[in-house]
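Taking it in order: structure first as structure tokens, then the write-up.
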Amino acid sequence: MPARRGADGPRTTRPSHLRTRDRCRRRAKPMSEALRPLAAAIARAAGSLGATLTEDEVLAALGTPPRPEMGDVAFPTFPLARALRNAPPRIAADLAEALRTELDDLPDVSRIEAAGPYLNAHLDPTRRARRVIEQALDTGYGRSSDGVGRKAGIDYSSPNIAKPFGIGHLRSTVIGNALRRLHEFQGWQVTSVNHLGDWGTQFGKLMAAFERWGDETALLDDPIQHLYRLYVDFHREIETRPELEEEGRAWFRRLEEDDPRAREYWERFRTLSLREFQRIYDRLGVSFDHFWGEAWYNGMLEPLVNEMEQDGLLVESEGARVVPLDDLELPPCLIVKSDGASLYATRDLAAARYRHDTLGTDRFLYVVGAAQSVHFQQVFAVLDRMGHTWARGLAHVPFGMILGISTRKGTLVFLEDVLDRGRDLALEVLRTRPGLSDEERARIADQIAVGAVVFADLSRNRMRDYEFDWDRILDWNGRTGPYLQYTHVRLGSLEQTFRERFPGVEPGLPDDLSCLDSEHVRAILQQLERFPTIVVEATRDLEPSQVSRYLLDLAEAFNAWYSGGERLLTDDVAASAARLAVARAVRQVLGTGLGLIGVPLPDRM
RNA sequence: GGCCCCGUAGCUCAGUUGGAUAGAGCGGCGGAUUCCUAAUCCGCAGGCCACAGGUUCGAUUCCUGUCGGGGUCACCA
């Protein structure tokens, strides 16, 4: 029933050779490049012991010790044991010895020591602080040029015309939006496409229903509500009056034959629905380059089928025309129904080709529920069979479903209701904040609601199913969107306080950073260093939740310092400036990261 | 039945190409606010990582099987 890319549904995965991961996987990014000199030194030391290790191999093997007092970087020696015919602890000790003379050439490293089978390096706190903060303060921190010169397309959201924008449509919308921003951040030129469910027999039913019971004023007052009600009522009536079924089919036939009256209905329903969707998209901060719905491809279906026919791809089966895919252990892909009509897959084939031809994309992502995995396996396989080598650049990005929002059980939840409730809850809290105008309050409350809802969805692995829960999705305590927004706001007011306290002093990095040699700051710097790697991995795995979780880790590291530790701003200008620099770096990364996953940034809370 | 996803603390989830004592939030209990926003922070309790084998110096992680939950398997989208 979910027209094109409905929200509910199951999940599957295609054969391994077509898997998303394989298609889009890029070389795993090692840890921070700043550690390269250290890695090189370790590689040399290993070489002097008789093992051959490249710089990159070492860099990739580097990890973090479980406890901070053990050091900042760890290198496990287990893999060397066989080649060196020696026990790992022995090797670690030998490496530490061999590196003793190299320490002078590694200004960032203050100490290297063996700890059992591990070789642990301690980084010089203030040098590291300066390096990390300088990098992180740059607005482009975390950017990469991986996608420069490449084009990507993303198909996401794709709701059904004349049906409410349910909470179920949230997933595709926010995941797709985050993937879009992640790709753009990596230099890709991205085109977003909203594959609206704007065609099919359900429109015939809708028209038949409107002819019978439609109400102009109700339609204009609340279009989707009215149309949805008609649709539901129509289905209920069909139970007792089966002839309505045929009436709906007749109307759809008229639509396909370009009957003016049917056409007019379609245009109206579509326009009105789109207007409502746009309101939600605006609220979410989501946009699309193209609203190419299913109907967009109508004219391309017949030529496509003819071509497939000529190429001998189609086989007759039970009156239908199909592409057999037995060799891939997939069910045959239906192209033409026995009554001559096209299907969902037909439209997707045409769409894929059209998009590739007009956009020239190197990669195209379909952010659609996991229930449609088989469908996409089929479509991709057929395109491949048609000789379209570019089909290798297509990937389905599946996600789990939201449970407990069945239409049948009457538990359908409208996204707008969720956002409204979130806004009202936020308003309650904001009431206690002084110095805010009503407009500011309203806008901020909405940003908080959006932040809560978006983040709640993006905070878990996308494949996971989850139960819809009002309290959980709008929660602002703990690891939530509002928590991050709040942290970001406080970081901002910290800078403001600094400027008020030290008028005329530009916040910058003072020469003396010794006040940053603390456990709390060390933890923050470690988080800041992770950001570029996180961005690359989240893009590689098409998993925005990695960014979400990272931002929480970063915010928690900062809050532990801010709330539990020393006072950041004191009478000491230099020390205050040094600590503010850390805060500004965190704010910069937090802001960038929240932008990537589509969480709005209130300027006050 | 075939195939796919999932199974980690009471609940919701992390767990870095396999690595040191498996982590966090919520909930529970106990603390912190004359001071930079308490939508915050600190502490305590809570685990046969579903089960059984296998590979490995080492497995929550990889392989096989079993059990449990969800999904999917041609004329809907």
Side-chain angles (χ1 to χ4, degrees), chain A residues 1-6 9-15 28 31 60-61 63-67 70 74 76 78-79 81-82 87-88 115-118 120 160 197 199-202 294 317-322 329-339 341 343-345 347-348 369-375 378 398 400-401 403 426 429 433 448 459-461 463-467 469 471-472 475-480 482-483 485-487 489-490 493-498 501 530 533-534 537 545-546 549 552-553 556 559-565 567-570 576 579-580 583 604-605:
Chain A
M1 189 246 300
R4 166 193 198 44
R5 277 84 223 241
R11 66 251 304 256
T12 335
T13 314
R14 81 194 66 130
M31 291 189 63
T64 310
R67 287 196 307 279
M70 299 171 80
F78 301 100
R82 185 159 297 175
Y118 290 87
N120 290 341
N160 302 311
W199 203 252
T201 36
Q202 76 267 23
E294 294 184 73
S317 172
E318 297 170 35
R321 311 294 291 168
V322 310
E329 293 180 335
L330 285 170
C333 185
L334 262 81
I335 305 298
V336 185
K337 292 204 284 188
S338 44
D339 68 0
L343 290 107
Y344 185 46
R347 236 170 270 282
D348 256 332
Q372 295 185 38
S373 286
V374 174
H375 163 73
Q378 294 175 303
M401 54 182 176
L403 307 170
V429 175
R433 297 283 190 275
I448 293 171
S459 60
R460 27 158 93 52
N461 282 333
M463 279 309 287
R464 233 172 229 288
D465 293 341
Y466 69 91
E467 193 91 29
D469 183 332
D471 296 333
R472 218 179 272 283
D475 195 9
W476 54 49
N477 295 310
R479 293 172 68 92
T480 65
Y483 169 81
Q485 293 174 315
Y486 180 62
T487 303
V489 165
R490 288 210 296 186
S493 63
L494 210 48
E495 176 166 345
Q496 204 181 333
T497 304
F498 178 91
R501 191 168 302 181
R530 291 176 62 206
T533 307
I534 293 291
E537 288 178 351
S545 68
Q546 290 181 19
R549 280 190 295 270
L552 290 170
D553 292 343
E556 281 175 350
N559 282 327
W561 184 43
Y562 179 82
S563 300
R567 228 183 138 61
L568 308 198
L569 302 180
T570 61
S576 296
R579 288 186 287 253
L580 179 69
R604 297 185 59 187
M605 274 177 84

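Worth knowing before you read on, the calculation uses all heavy atoms, side chains too, and leaves out hydrogens, waters and symmetry mates. Letters go in sequence order (proteins before strands), and every chain restarts at 1.
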Fill in the blank from the handout: Mate of G65(B) across any strand shown (Watson-Crick or G-U wobble, both atom pairs under 3.5 Å) is C51(B)
Handout entry: Who pairs with U56(B) - Watson-Crick or G-U, where each distance is under 3.5 Å
Key = none
Does [N] have OP1 or OP2 under 4.0 Å away from a side-chain N or O of [X]?
| X | N | result |
| --- | --- | --- |
| Arg82(A) | C57(B) | yes |
| Tyr483(A) | C41(B) | yes |
| Asn461(A) | A14(B) | yes |
| Ser493(A) | U37(B) | yes |
| Arg321(A) | A74(B) | no |
| Arg433(A) | A39(B) | yes |
| Arg464(A) | A14(B) | yes |

Remember a base hit wins even if backbone is also touched, and classify [X] as base, sugar-phosphate or nothing at under 4.0 Å, heavy atoms.
| X | value |
| --- | --- |
| Gln485(A) | nothing |
| Arg549(A) | sugar-phosphate |
| Asp471(A) | nothing |

Practice task
Counting heavy atoms from C-beta on, name the nucleotide in A39(B), U12(B), U37(B) closest to the side chain of Arg460(A).
Solution key: U12(B)
Completion exercise
Of the candidates U40(B), A74(B), C36(B), the side chain of Val322(A) sits closest to A74(B)
For [N] versus [M], give the span between their [atom1] atoms, rounded off to a whole number of Å.
| N | M | atom1 | result |
| --- | --- | --- | --- |
| A14(B) | U56(B) | C1' | 26 Å |
| G27(B) | G70(B) | C1' | 26 Å |
| C3(B) | U64(B) | P | 11 Å |
| C62(B) | G25(B) | C1' | 30 Å |
| A52(B) | G68(B) | C1' | 15 Å |
| G43(B) | U60(B) | C1' | 27 Å |

Completion exercise
5'-most contact on RNA chain B (nearest-nucleotide basis), Thr201(A) vs Tyr466(A), goes to Tyr466(A)
Problem - Tyr486(A) or Asn559(A), whichever maps to the more 5' nucleotide of RNA chain B - result: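 Whichever sits nearer the 5' end wins; that is Tyr486(A).
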Handout entry: Base A14(B) paired with Ser545(A) side chain (donor-acceptor, <3.5 Å)
Key =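 Such a pair does not exist between side chain and base.
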Practice task
Please answer whether C41(B) and Tyr562(A) are stacked, defined here as ring centres separated by less than 5.5 Å and planes angled under 30°.
Solution key: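 It does not: the ring fails the test against the base of C41(B).
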Problem - Residues Asp465(A), Arg460(A): salt bridge by 4.0 Å N-O rule - result: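 Salt bridge: no.
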Handout entry: Arg490(A) NZ/CZ over Tyr562(A) ring centroid, <6.0 Å and within 45° of normal
Key = no
Handout entry: Heavy-atom donor-acceptor pair, Ser576(A) side chain to Thr570(A) backbone, under 3.5 Å
Key = yes
Exercise for the section: Look only at the side chain of Arg579(A) and the backbone of Leu569(A), and say whether a donor-acceptor pair between them is shorter than 3.5 Å. Expected result: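 Not at all, since once roles are kept as given, no pair shorter than 3.5 Å links the two residues.
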